[in-house]
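The figures here come from the full heavy-atom set of this structure, side chains too, leaving out hydrogens, waters and symmetry mates. The sequence lines fix the lettering, A, B, ..., with proteins before strands; numbering per chain opens at 1. Note that this is a predicted model, so its numbers are computed, not measured.
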There are 2 protein chains.
Amino acid sequence: MAPLISAKTRPVRLADIAKAAGVSHGTASNVFARPEIVREEVRERVKAAAEAMGYGGPDPKGRLLRAGKVNAIGVATAEPLSYFFEDPFARVMMASISQACDATGAGISLVSAANNEQLAWNIQSALVDGFIVFCVDGGSKLVELARERKLPFVALDLDSDDDDAVAAIGVDNIAGAGLAARHLTELGHRRFAVLALPVADSGFGPTTREQMEKALYSGTRDRLRGYFAELSRVDIDVERVPIYETVNDEESVWAGLDHIFAGAETPTAILAMSDRMALHALDWLRKHDISVPGDVSVVGFDGVPEGAVSKPPLTTIVQPIAEMGRLAVKAILENDGSFSRQSLPVELVVRASSGPSPA
Amino acid sequence: MAPLISAKTRPVRLADIAKAAGVSHGTASNVFARPEIVREEVRERVKAAAEAMGYGGPDPKGRLLRAGKVNAIGVATAEPLSYFFEDPFARVMMASISQACDATGAGISLVSAANNEQLAWNIQSALVDGFIVFCVDGGSKLVELARERKLPFVALDLDSDDDDAVAAIGVDNIAGAGLAARHLTELGHRRFAVLALPVADSGFGPTTREQMEKALYSGTRDRLRGYFAELSRVDIDVERVPIYETVNDEESVWAGLDHIFAGAETPTAILAMSDRMALHALDWLRKHDISVPGDVSVVGFDGVPEGAVSKPPLTTIVQPIAEMGRLAVKAILENDGSFSRQSLPVELVVRASSGPSPA
DNA sequence: CACTTTCGTTGGATCGGTTCAAATTTTGAC
DNA sequence: GTCAAAATTTGAACCGATCCAACGAAAGTG
């Protein structure tokens, strides 16, 4: 079969068809960019020449340089690209980001990389007008790289309480976590376990409060602080609350629960720092015939749609994910230099995965 | 609070720091592109100048023009951008596309538009090395636009049996649909209904076989042909099989089932042209206390992961979605002009949504 | 010390367009 | 038929880099 994609170079430029049509390149440019100001006869002649020479229209590469604006925003993460399509939180966020982009006609470039050198290069060479940075993991490095580009950028998921110089949109993780913990203490729970998000890029396993305080990712740290502040308030010895650091996937969550429920004093309440973990936990508990919320209550964090249809439906702290996405796009596109940090409210949504402490 | 994003122009160019450092722009360029060939003393001086002037590294816009390659592939659809994150089929496809891109270090640009003029402009001005075109809907227009760019592109979901000049990756829809229908006829079913994908951009409602034959989208047409070829083979009068055209969402599917089950002779088997429709159908049937597969069997098409965990799990025709994505990326990136059309095999996966015809 | 290498640097050409002030042609009015 | 106004067209400048042939200086050789 004949080749259907031409692999040959396309050396036909605007200048070529200008010459062929016997006009200046300025006029040729106008034919495509502002056809109305070119006399019809000339316009047709140029278009005919373009057609004849197989010209595919002005190359955006050229236009770009002059125009300055790419009209696309980059969305960056330290995870593999498929994260955007597989992680529930990311998906909701991306759906709202993409709606905001659609509304303004901006495109979206997904930026990521398997390894770190690639990441740097990808960020440096991304053709975008600004970045939205997903900070779930490897956040600080990403923020650093994005900042070096000197383009407008917004970090999603407030990172670092110390670094006030980066624009960020997030929620009050401490307050949210507090809400989750208080809900459970009010139900009479006294024995807790925490499923934690990554602390650093270091795999998974049981961890301690001290480790968590050193967490690279402030979201993880703040959520733990929120949990423990509330637990301490009702005189629960937080030093004895097991914390298991996961990488937010099924394997590590299940390993975590294996570990937690191997102990003598099993928890009646599980605080999961993400809905994804909470949902995996629900699966594990069902598999082990542990009733939810009869034996164990589970409270998640994020408010992804899957939580509403899980078995049982998940009690969780919902973040205004869509709103965050919308604001992020707005901050990039209407960047007037005034945007800084913005903290959005979270909300406790009680569904069926939490109930009174047994006995 | 002080502005955290500088909205000011960034007039600092490579040439500026070259002048500041007292070197030629050629040398300045080398400092960033090939630092090792520049004498250390000079390199440091240039870097210091860059730092001092707030230079964010060579602007990719400039590099791009010279280099020619964008190192990104565009993925285009006629749907809103959020389609990529919400539709199950699209998500699986995108996950595999993005994995393939990750592996080769290529970026992904999402291209779409609310309205059609925008679509054209977006395709024309997308900074990409090639396009992967989602043909589920509005396919032909998209293919046309993509082709005009004279960039390598691949259509996903074989469109149009007539147009042999476009590279495409898809499955044999006729054979797949035949498999689905045969599965049901072998279970003794005689009364069928078809939930059809869009025929044109025309909303939803009951339709006829004649309408379907004129379908703009060959996938829709071919699947119907496949269904009917098999039904005819076992002497079912296909003229009496109701066909309801949906737009692949809950509302139109439910309306379709309302319509179909309002008739005197209700079907015992539903052929859905997508898993998404089939899953919505399952919901509708459950809501109406119609047992699946006791009263009605449902067979989908696509093989999205959700089908494996639905209630009941969905019998369906699975397409090698991931493989298609991989091939598409390969076709764009290793574009040697030899790629043409490729048809991948489908497979019937029997789960619990199909069973023997009642009585 | 003259002569060839080697290393580092320079500056012009180029990528493919857009833009705009100036030049030219056309049109309209008298 | 003349002249000003309006409509088109031109061509140079520019966008921000990379590339490369040529060149100058330092190092090595006989």
Side-chain angles (χ1 to χ4, degrees), chain A residues 9-47 49-50 53-71 121 124-129 149-151, chain B residues 9-47 49-50 53-71 121 124-129 149-151:
Chain A
T9 51
R10 169 163 73 107
V12 37
R13 299 181 312 276
L14 190 53
D16 298 326
I17 72 160
K19 193 183 315 167
V23 299
S24 74
H25 56 245
T27 298
S29 173
N30 283 335
V31 169
F32 293 97
R34 277 129 61 213
E36 69 281 4
I37 74 164
V38 176
R39 193 154 43 96
E40 168 152 8
E41 187 253 317
V42 176
R43 197 194 317 152
E44 292 309 325
R45 187 149 42 94
V46 172
K47 278 190 174 163
M53 304 180 72
Y55 181 65
D59 189 328
K61 293 207 252 330
R63 182 204 344 268
L64 175 61
L65 193 49
R66 182 132 257 283
K69 265 214 161 294
V70 184
N71 200 34
W121 173 254
Q124 281 158 15
S125 62
L127 290 156
V128 297
D129 297 321
R149 263 299 286 276
K150 314 260 157 122
L151 287 177
Chain B
T9 51
R10 170 163 74 105
V12 37
R13 300 183 310 278
L14 190 51
D16 298 326
I17 72 160
K19 193 179 320 164
V23 299
S24 74
H25 61 259
T27 298
S29 174
N30 284 335
V31 169
F32 293 96
R34 276 126 63 212
E36 70 281 3
I37 74 165
V38 177
R39 194 154 41 96
E40 168 150 9
E41 187 252 318
V42 176
R43 197 193 318 150
E44 292 310 324
R45 187 150 39 94
V46 172
K47 278 190 174 162
M53 304 180 71
Y55 181 66
D59 189 329
K61 294 206 248 334
R63 183 203 343 267
L64 175 61
L65 192 51
R66 187 115 249 287
K69 266 215 160 293
V70 183
N71 199 34
W121 173 254
Q124 280 158 15
S125 62
L127 290 157
V128 297
D129 298 320
R149 262 303 285 278
K150 314 260 156 127
L151 287 177

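Residues meeting the side-chain contact (heavy atoms from CB on, under 4.5 Å) test with B:A50, sequence neighbours left out: B:I17, B:F32, B:Y55. The side-chain contact (heavy atoms from CB on, under 4.5 Å) check on B:E36 picks up B:R34, with sequence neighbours excluded. Residues passing the side-chain contact (heavy atoms from CB on, under 4.5 Å) test with B:A20, sequence neighbours excluded: B:A49, B:M53.
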Check the pair A:K19 / A:D16 against salt bridge (charged side-chain N to carboxylate O under 4.0 Å, His left out), numbers first and verdict last.
CA-CA 5 Å; A:K19 193 183 315 167; A:D16 298 326; 5.3 Å; no

Verdict with reasoning, A:V128 to A:V70, per side-chain contact (heavy atoms from CB on, under 4.5 Å):
CA-CA 6 Å; A:V128 297; A:V70 184; 5.7 Å; no

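Per the geometry, CG belonging to B:L64 stands 12 Å off P belonging to D:dA17, to the nearest Å. Per the geometry, CG belonging to A:D129 stands 15 Å off C1' belonging to D:dC15, to the nearest Å. In this structure, the CG atom of B:L127 is 12 Å from the C1' atom of C:dG16, given to the nearest Å. The nearest whole Å value for the distance from the CD atom in B:E41 to the P atom in C:dT9 is 8 Å. Atom CZ in A:R13 sits roughly 6 Å away from atom P in C:dG16 (whole-Å rounding). For the pair B:L14 CG and D:dA17 P, the computed distance is 5 Å after rounding to whole Å. The distance between atom CD1 of B:I17 and atom P of D:dT18, rounded to the nearest whole Å, is 11 Å. Atom NZ of B:K61 and atom P of C:dT18 are 16 Å apart (whole Å).
Under 4.0 angstrom from either OP1 or OP2 of D:dG16 there lies no side-chain N or O belonging to B:Y55. Listed pair A:S29 / C:dT18 meets the phosphate criterion, a side-chain N or O lying under 4.0 Å from OP1 or OP2.
In this model, a side-chain donor or acceptor of A:R66 finds a partner on the base of D:dC14 within 3.5 Å.
Within 4.0 Å of A:R34, counting heavy atoms only, lie sugar-phosphate atoms of the nucleic acid but no base atom.
Using a 4.5 Å heavy-atom threshold, the side chains of B:V12 and A:K150 count as separate.
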Going 5' to 3' along nucleotides 5-12 of chain D, which nucleotides have protein heavy atoms under 4.0 Å from the base (write B), which only from the sugar-phosphate (write S), and which from neither (write -)?
---SSBBB

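Taken from CG in B:L65 to CG in A:L64, the straight-line distance is 8.5 Å, to the nearest 0.5 Å. Note: B:N30 CG to B:H25 NE2 = 10.0 Å, rounded to the nearest 0.5 Å. Rounding to the nearest 0.5 Å gives a distance of 5.0 Å between CD of B:E41 and CZ of B:R45. For the atom pair CZ (B:R63) and CD (A:Q124), the distance works out to 8.0 Å, reported to the nearest 0.5 Å.
Looking only at distances, no side-chain donor or acceptor of B:R43 sits under 3.5 Å from a matching main-chain atom of B:V31. Between the side chain of B:K69 and the backbone N or O of B:D129 there is no donor-acceptor pair closer than 3.5 Å.
Each end of the helix from C:dC1-D:dG30 to C:dC30-D:dG1 gets its own axis, taken as the rotation carrying the C1' atoms of four end pairs onto the next four within a five-pair window, and the two axes meet at 40° to the nearest 10 degrees.
With DNA chain C read from its 5' end, the first of the two nearest nucleotides for B:R45 and A:R63 is the one closest to B:R45.
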For nucleotides 22-28 of chain D, give me every protein contact, N/O to N/O, under 3.5 Å, one pair per line with atom names.
none

